[in-house]
Chemist: 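Structure in structure tokens, see below.
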Amino acid sequence: MAGSPQSCVLLTHAKIFVSHSCALPESMQVSPSFRIKLLTLPFLFLAGCGGGGSTQTGPPPGFTLSISPGSLLVSQTTTSAPVTITATPAGGFLGNVAINVAGLPAGVTSSPSFPLSLAAGNSQQVTFTAGSSVPRANYTLNFSGTGGSASSSAVLTLTVSGAPITSATGNFKQQVIYQIVTDRFFDGDTTNDDPALSPGLFDSTHANFQAYWGGDFAGIQQQMAYLAGMGVTAIWISPPVDNIDKSTAAAGSPPSAPYHGYWAHDMMCLEEHFGDATNPCDWTAFDNMVTAAHQNGIRIIVDFAANDTNPYDAGEQGQLLNGGKPFASYINDPPAPGNFFHHNPTVTDFTDFYQLQYYTLDDLADLNQDHPAVDSYLKNAVLQFMNHKVDGFRLDAVKHVTWGWEYSLANVAFTASPTFLFGEWNQGGTSDPVYPASHKFANHSGIALLDFPLANAFRDVFGSPNGGDFHEIDSTLTTEANDFASPNDLVTFFDSHDLPRLLSVYNNQNRVNEALTLLLACRGIPVVLYGDEQYLHNDTNNGSQNGGDPYNRVWMSTFKTKSPAYSLINLMANLRQSNPALAYGNSMQRWINSDVYILERQFNSEVVLIAVNKSETTSYSITGLFTSLPPGSYSDYLNGLMGGFSVSVTNGGGNNPVTNFNLLPHTAAVWQSNAAATGPQAGSVGPLLGQSGVPVTIAGQGFGAATGKVMFGTTAAAINSWSDSTVSLTVPPVAPGSYQVQLVTSSGAKANTLPFTVLTGPLIPVTFTVNSVPVFSAGSTLYLTGNVVELGAGVVNTDAAIGPLLQPPNSNPATSWFIDASVPAGGTIQFQFAIIASDGTVTMEPGAPHPYTVPTSGVGSISVNW
Ligand code: NOJ
């Protein structure tokens, strides 16, 4: 029919167009390529065309706008994969469609840009590019198309994630950690649900809480947009190492499986339920997960248990493999000193330092880290994870591993690459008998700790109808600020896989929201337990607690992105990126009663003020509130999500009055001021200690783009990388000791100093034994001291010296004592023992110090007489 004028009848809505040339109204003009399609499908679009003018009824002309795929993940500083926008015509619609978009966040651009014109029936590919400071979030983009009187719309969920991670860091203070029990999160690969290597441990119905339920590394990878949209910047995964293949339950009982990951049988390989079903030593799924996380600005923290292997009394009886080969057998363990395991009773006295470190935790075969093969096995396992680009480690049960040995583990990790280590030192509050040992451990090992005292305070305050008293949180913050060298490195939480979820303790979602707001604003690096953002909980009593282990390890049954908690986490995680007061600032209580806590965080001129009223019923009139926020008006950073509102601040010469306000029950508000840095401000050094050659990260702001210097005394460190907020450097060859490290910009501006201890050299664990010690009075304790910084450099007090020394119960002879300490490899050190009385009086071991030449590698031991 081309070339011969014909008449055609087009149906559009209720109108009939009659055209002898078959020309189309402007809104229905088509592209040449589309005309060809029209010619091949005349019956669809050209009803009656050339056919004698009969009119048929049908759908009115229009089009449907569609977008494929309907969701998109794009990292800051990158360009997305394309989405395809299509205008599918119907009812003979033939025109152009003008397409516009609403909801595109500032800092995100598209190619091509909007509005754009699309001929009906055509498709257009569009990419999006996210700038470096677009908040991490899910954005709903509403596309509207109009053509003539027809219109259609389509929706795209655009998730902007963090910029791809290209380097390791020792600074985690800006992170928000999301804790995942891998088995309970998302089943991304059904081929590993019930592997032939370890069959029968899987329960697809999720009824048996002690079985595997299907979650895996692929599942975490597939939920990356959910995680990134929540704003979290790190995920802590349950131990991924290969666990025992057999149930520990009695024959005929439902299986009891190591779905949690804490029953390792090969730390050099991965659990087949989480990765490759047929080959536990295949790292592909793990690597893919790490790569996907890094692509989206999310760091990976691996939970690593160095204390023990698996139950000695069931399943595989504690045995340990090395890359699939036999390595250590608990039931055929050589006698001391060649023993791979300690064979001691179960810990019953959690205040006895010997029991804590050398007894058996629950029924888990307790590793002897001082055996040279065990020492290198554990360190190699950690290094292997670092080679697979893991960013940090949560060290399980650090209170129960040999403390002195752990210093050398940390040193090995810190020496290999910048990383962040935090340990599980389970304890009550700051009056716990082992609390002093916990901060001594953190301050000298460089291993940060999970903040159990603060977690318990949070649970007391938020976990009952009337709740506890905010003074408990406040005094915990004050005490820990005095005791920990780097309180901002403490890893904070209120829920964990070991505790009943807060909602099982007190089923009130407002309280979860309030606890989250405060947790994410508090000093320290916050951890959110998976599922808390969905208010998940299962309150089944486990025999001692409602919702206790394993009922707290719920299935992640929903991934909705609209809950208040999800939004709160998102806002506060973004605030931690944009306002350094949360990561680096100090803490100041500004107003308090049992129900209300108003906390201020300040780093130089950046300030965040957080107010929470946890009461169910009582409003409080807040008068006499002062702040460091500069004079001005502040809207609630949470946009009223938790009932917050604007406040005004007037000039008080730094201690600025806030206008009085009424804080209603269950309200949380956040006000913040984020002035640009006027000079270099250092907020973090990590790790806190290391020998010459160890990589160290200094973080803060205002460092400038051009490389400056970092001074250790008068010696400048080699700089590995430099940006306005993060500098990576290498500890220079300076004398061991304490330094106030100072960053100097390229233009000579000096930042505040930060303390750092330069160690003598790489650390080796050594067992020091001293015999014939005179009997000393109860209340006094025995310590190891020496001439190197690792042994206190001659300073003899209970903090600087190593100890107290230990004795097994009924030690024979009763005058022998020992302690494990990590000392510099290869050098000759001088050491000596000292008895320190409860009033601090020191009785030194008489005579000259003992010399000892430390092995260059492996482990050491030395025994001397007093
Ligand atoms: C503490 C862990 O958090 C817990 O879940 C585990 O069972 C024990 N350590 C033993 O590894």
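Note that ligands are numbered from 1 as they come in the structure, with each ligand's atoms numbered from 1 the same way. Sequential numbering from 1 along the given sequence is applied to the chain's residues. The basis for the numbers below is simple: all heavy atoms, side chains too, and nothing from hydrogens, waters or symmetry mates.
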Chemist: Does the side chain of Pro240 reach to within under 4.5 Å of the side chain of Trp283, using non-hydrogen atoms?
Modeler: no

Chemist: Any atoms of ligand 1 less than 4.0 Å from a non-hydrogen atom of Arg553? List them with their elements.
Modeler: 5 (O)

Chemist: Using a strict cut-off of less than 4.0 Å between a Lys/Arg side-chain nitrogen and an Asp/Glu carboxylate oxygen, indicate whether Arg553 and Asp498 qualify as a salt bridge.
Modeler: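 Salt bridge between Arg553 and Asp498, a charged N being under 4.0 Å from a carboxylate O: yes.
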
Chemist: Go through ligand 1 atom by atom and flag the ones less than 4.0 Å from a non-hydrogen atom of His497.
Modeler: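 Those of ligand 1 that fall under 4.0 Å from His497 are 2 (C), 3 (O), 4 (C), 5 (O).
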
Chemist: Does ligand 1 have a heavy atom under 4.0 Å from the side chain of Arg394, from its backbone, from both, or from neither?
Modeler: side chain

Chemist: Who's the nearest protein heavy-atom neighbour of atom 5 (O) of ligand 1, and how far?
Modeler: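 Nearest protein contact, heavy atoms only, for atom 5 (O) of ligand 1 is Asp498 OD1, 2.7 Å.
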
Chemist: Is the distance from the ring center of Trp236 to that of Phe493 below 6.0 Å?
Modeler: no

Chemist: ring-ring contact (aromatic ring centres under 6.0 Å, His included), that's the test. Do Phe462 and Tyr506 meet it? Break it down for me.
Modeler: CA-CA 8 Å; Phe462 291 105; Tyr506 178 46; over 10 Å; no

Chemist: So, regarding Asp308 and ligand 1 (criterion: nitrogen or oxygen to nitrogen or oxygen, under 3.5 Å), is there a contact or not?
Modeler: no

Chemist: Once you restrict to heavy atoms under 4.0 Å, what part of Asn426 touches ligand 1? Side chain, backbone, both or neither.
Modeler: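 Asn426 to ligand 1: no contact under 4.0 Å from either part.
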
Chemist: Keeping Tyr330 on the side-chain end and Asn310 on the backbone end, is there a donor-acceptor pair under 3.5 Å?
Modeler: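 Absent.
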
Chemist: Do Phe484 and Asn443 have side chains that get closer than 4.5 Å, going by heavy atoms?
Modeler: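 In contact.
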
Chemist: Counting non-hydrogen protein atoms only, what is the nearest one to atom 11 (O) of ligand 1? Give residue, atom name and distance.
Modeler: Asp396 OD2, 2.7 Å

